[in-house]
Amino acid sequence: MFDIGLQELLLIMVVGLLVLGPERLPQAVRTVTLWLGRARRTFNHLRREFEREIGADEIKRDLHNESVLQSLKETEQEIRSIGGGLKSDLSKVKTDLEKLPAGIQDDLNPEQRNKSSDS
């Protein structure tokens with residue numbers, strides 16, 4: 001929290017011992033830790049109230065939903081580009097099939113054979 005190292009802490013304790021004396025130092029340490037605890041609890045309470053008031057949870061959800069929506073749009077674009085490529089490949093196959101002789105076309109298309117045999 002305060003980024004105090006071991007050396008700084010020892011220096012504070014020695015100065016406190018010299019200034020307050022060994023009789024009052026434990027009570028002073030208890031008082032300081034009590035005030036620090038109260039300050040920390042108050043800060044956490046204020047932070048929670050502030051987040052609740054501004055709707056931080058809603059903002060986080062909205063941002064998450066926007067990122068999911070953007071991801072879905074990107075996926076849709078990828079699928080459409082793949083689909084466009086498949087359509088062009090399909091049209092090439094149809095063109096190639098039309099170039100084949102009629103007998104081979106009939107052999108490759110069993111649906112037409114089934115329809116003609118049913119009628």
Side-chain angles (χ1 to χ4, degrees):
M1 184 170 152
F2 292 111
D3 196 29
I4 297 176
L6 182 62
Q7 292 175 345
E8 290 90 359
L9 191 58
L10 288 174
L11 179 65
I12 291 171
M13 290 175 67
V14 168
V15 170
L17 183 61
L18 293 174
V19 171
L20 297 174
E23 297 86 23
R24 293 189 305 182
L25 185 62
Q27 181 62 33
V29 170
R30 275 188 234 120
T31 303
V32 168
T33 56
L34 178 71
W35 281 99
L36 285 175
R38 285 182 184 171
R40 182 177 292 147
R41 283 190 300 276
T42 302
F43 174 75
N44 287 334
H45 176 71
L46 289 174
R47 187 188 57 168
R48 282 191 303 268
E49 286 292 320
F50 181 72
E51 286 177 351
R52 188 175 56 107
E53 287 294 324
I54 64 167
D57 291 337
E58 292 177 23
I59 293 171
K60 288 177 187 176
R61 268 184 266 145
D62 290 343
L63 290 174
H64 176 72
N65 290 342
E66 287 178 14
S67 67
V68 168
L69 184 60
Q70 180 64 28
S71 173
L72 286 174
K73 285 181 181 180
E74 291 171 1
T75 304
E76 178 187 13
Q77 290 173 350
E78 290 176 14
I79 290 172
R80 288 186 189 274
S81 66
I82 291 170
L86 290 175
K87 284 182 182 179
S88 65
D89 290 346
L90 183 60
S91 65
K92 288 178 187 176
V93 169
K94 284 182 180 180
T95 305
D96 291 343
L97 281 175
E98 291 171 355
K99 293 178 184 177
L100 291 174
I104 295 175
Q105 286 181 5
D106 292 340
D107 290 341
L108 292 176
N109 196 351
E111 290 180 9
Q112 288 182 351
R113 197 174 348 150
N114 290 339
K115 287 181 183 178
S116 62
S117 65
D118 289 341
S119 33

Margin query: Please enumerate all residues that pass side-chain hydrogen bond (donor to acceptor under 3.5 Å, both in side chains) together with Q7, with sequence neighbours excluded.
Written below: none

Notebook entry, point to check: Can you list the residues that meet the side-chain hydrogen bond (donor to acceptor under 3.5 Å, both in side chains) rule with R38, with sequence neighbours excluded?
Noted result: none

Check: Who passes side-chain hydrogen bond (donor to acceptor under 3.5 Å, both in side chains) against E66, sequence neighbours left out?
Finding: none

Please tabulate, for side-chain N and O atoms in residues 24-31, each donor-acceptor pair with protein atoms closer than 3.5 Å (sequence neighbours left out).
| unit_1 | atom_1 | unit_2 | atom_2 | d |
| --- | --- | --- | --- | --- |
| R24 | NE | L20 | O | 3.4 |
| Q27 | OE1 | R30 | NH1 | 2.9 |
| T31 | OG1 | Q27 | O | 2.9 |

Item checked: Straight-line distance of R40 CZ to W35 CH2, nearest 0.5 Å -> 15.5 Å

Note to self: Within this structure, what is the CD-NZ distance for the pair Q77 and K73, rounded to the nearest 0.5 Å?
What the structure shows: 9.0 Å

Next item on the list: Using the test side-chain contact (heavy atoms from CB on, under 4.5 Å), find all partners of R52 that sit at least two apart in sequence or belong to another chain.
Entry: E49

Next item on the list: Mind checking the CG-CG spacing from L17 to L10? Nearest 0.5 Å is all I need.
Entry: 12.0 Å

Checklist line | side-chain contact (heavy atoms from CB on, under 4.5 Å) partners of V19, counting only residues at least two apart | finding: V15

Notebook entry, point to check: Say you draw a straight line from CG of L69 to CD of E74; how long is it, rounded to the nearest 0.5 Å?
Noted result: 10.0 Å

